[in-house]
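Note that ligands are numbered from 1 as they come in the structure, with each ligand's atoms numbered from 1 the same way. Predicted, not measured: the structure shown is a model, and the values here were computed from it.
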Amino acid sequence: MTDTQSSLLSLEGKTALVTGGSRGIGREIAILLARYGAFVIINFKTDERAAQKTLDTVIQLPGKGCLSRFDICDSVEVDKNVNAALAERKSIEILVNNAGIARDGLLGRMKDDDWKIVIDTNLTGAFNMCRALTKSMIRKRYGRIVNISSTAGELGNAGQVNYSAAKAGLVGLTKALARELAPRNILVNCVSPGMISGGISEHLSENQRESIIQHVPLGRLGEPQDVAAAVAFLCSDMANYITGQVLGINGGLYM
Ligand code: NDP
């Protein structure tokens with residue numbers, strides 16, 4: 001890599017907030033952004049030990065960061081914690097809306113609560129975060145927002161009407177917001193992972209895993225690091241002319 005390319009990838013002097021940064025894909029995103037020089041605010045909801053483990057890894061790089069515990073579904077809590085972080089850091093240039101959950105079930109048996117919490121977390125949570133953070137990005141005339149969608153939102157998955165709807169909604173949110181904020185030099189993109197090892201795909205049986213892999217041209221599940229690399233690229237100055245896009249990280253599962 002040339003010096004110019006590596007300086008375009010640098011996130012030195014930037015602050016990034018990663019929702020759901022305590023484990024899984026979010027942890028790898030937080031670690032990689034810190035590796036490129038960003039100060040990372042690692043958000044989580046319940047698992048403080050896991051979040052602390054992510055922060056310890058960031059500090060060992062050596063990198064810089066802190067923890068921020070709040071529920072992205074609660075707009076009051078979001079505003080309070082984002083404002084506190086802005087007071088501390090002065091500005092937050094990068095937002096990665098990664099936190100997400102799945103509550104699978106066939107439509108006929110899906111409970112109201114399973115529909116609601118999946119929409120609230122995967123879609124409304126991202127809306128709450130974007131609304132809270134974009135004011136400061138607009139003032140600075142700079143921002144990078146990356147939303148983590150899913151191939152479920154592009155292909156649809158049986159047993160996941162709630163999750164597929166939320167992830168497809170995130171694509172719409174991304175494109176509308178990209179148009180709204182482009183004049184302010186704020187770029188909004190989506191990364192859409194296929195089946196990634198660990199995290200919310202952990203409940204799959206070996207048989208289910210094998211049958212999914214059969215449909216992946218690259219012949220393997222993705223790793224959290226594969227997703228993190230795409231996010232870091234979209235947050236960097238290498239991606240200055242990219243907005244409103246959906247970047248599939250799926251081994252060819254959907255093309
Ligand atoms: P994990 O289950 O490993 O991690 C989820 C993270 O989200 C945790 O850090 C959790 O924090 C946090 N979180 C959940 N709810 C909230 C909330 N209300 N407020 C704040 N934080 C919250 O998930 P993955 O790493 O597997 O997935 C990460 C993202 O990638 C998700 O959006 C998922 O939909 C998407 N994705 C994942 C795929 C996969 O195969 N793994 C495939 C395609 C997309 P805590 O534990 O502290 O509550």
Please could you name the atoms of ligand 1 that [X] approaches to less than 4.0 Å, counting only its heavy atoms?
{"X": "G100", "result": "5 (C), 7 (O), 31 (C), 32 (O)"}
{"X": "F70", "result": "19 (N), 20 (C)"}
{"X": "D47", "result": "45 (P), 46 (O), 47 (O)"}
{"X": "S201", "result": "40 (O)"}
{"X": "T46", "result": "45 (P), 46 (O), 47 (O), 48 (O)"}
{"X": "T121", "result": "15 (N)"}
{"X": "Y163", "result": "33 (C), 34 (O), 35 (C), 36 (N), 43 (C), 44 (C)"}
{"X": "G198", "result": "41 (N)"}

For [atom], what is the closest protein heavy atom, and at what distance to 0.1 Å?
{"atom": "atom 23 (O) of ligand 1", "answer": "I200 CG2, 3.7 Å"}
{"atom": "atom 18 (N) of ligand 1", "answer": "D71 OD1, 2.8 Å"}
{"atom": "atom 14 (C) of ligand 1", "answer": "I101 CG2, 3.9 Å"}
{"atom": "atom 17 (C) of ligand 1", "answer": "K45 CD, 3.5 Å"}
{"atom": "atom 10 (C) of ligand 1", "answer": "R23 NH2, 3.9 Å"}

Item to check | Identified side chain to side chain donor-acceptor pair (under 3.5 Å) counterpart of N147 within the set T19, N98, N97, N122 | outcome: N97
So between [options], whose heavy atom ends up nearest [atom]?
{"atom": "atom 42 (C) of ligand 1", "options": "G199, G194, S150", "answer": "G194"}
{"atom": "atom 20 (C) of ligand 1", "options": "I42, N43, T19", "answer": "N43"}
{"atom": "atom 8 (C) of ligand 1", "options": "A126, G125, S22", "answer": "S22"}
{"atom": "atom 44 (C) of ligand 1", "options": "A99, S68, S149, A102", "answer": "S149"}
{"atom": "atom 12 (C) of ligand 1", "options": "G20, S197, A51", "answer": "G20"}
{"atom": "atom 29 (C) of ligand 1", "options": "I25, L221, N98", "answer": "N98"}

Checklist entry - Are R69 and E48 ion-paired here, with the side-chain N under 4.0 Å from a carboxylate O? => result yes
Item to check | Lys/Arg-Asp/Glu bridge criterion (N-O < 4.0 Å) met for D74, K45 | outcome: no
Item to check | Exercise: do T243 and Q245 side chains pair donor with acceptor under 3.5 Å | outcome: no
Next on the checklist: Testing the 3.5 Å rule here: is there a donor-acceptor pair between the side chains of Q52 and D56?
Outcome noted: yes
Checklist entry - Do you know which two heavy atoms are closest between V216 and N250, and how far apart they sit? => result CG1-O, 3.8 Å
Would you mind reporting whether [Y] and [X] have side-chain heavy atoms less than 4.5 Å apart?
{"X": "L187", "Y": "N189", "result": "yes"}
{"X": "L95", "Y": "M137", "result": "yes"}
{"X": "M110", "Y": "R103", "result": "no"}

Next on the checklist: I'd like to know if the side chain of D226 reaches the main chain of G222, judged simply by a donor and an acceptor atom lying under 3.5 Å from each other, with no hydrogens or angles considered.
Outcome noted: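 No, the answer is negative, given that no donor and acceptor are paired below the 3.5 Å cut-off.
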Next on the checklist: Taking side-chain contact (heavy atoms from CB on, under 4.5 Å) as the criterion, tell me which of I25, V146, I42, L33 meets it with V18.
Outcome noted: L33
Item to check | Residue portion contacting ligand 1 (non-hydrogen atoms closer than 4.0 Å) for R27 | outcome: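 Under 4.0 Å from ligand 1, R27 contributes no heavy atoms.
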Next on the checklist: Could you measure the distance from the CG atom of L155 to the NZ atom of K167? Nearest 0.5 Å is fine.
Outcome noted: 14.5 Å
Checklist entry - Can you get from F233 to L11 by hopping between Ile, Leu, Val, Met, Phe, Trp and Tyr side chains that sit under 4.5 Å apart? => result yes
If I apply the N/O under 3.5 Å rule, does [X] come out as touching ligand 1?
{"X": "I72", "value": "yes"}
{"X": "P193", "value": "no"}
{"X": "I196", "value": "yes"}

Checklist entry - Heavy-atom count around R109 CZ within 6.0 Å, excluding the residue itself: above 12? => result no
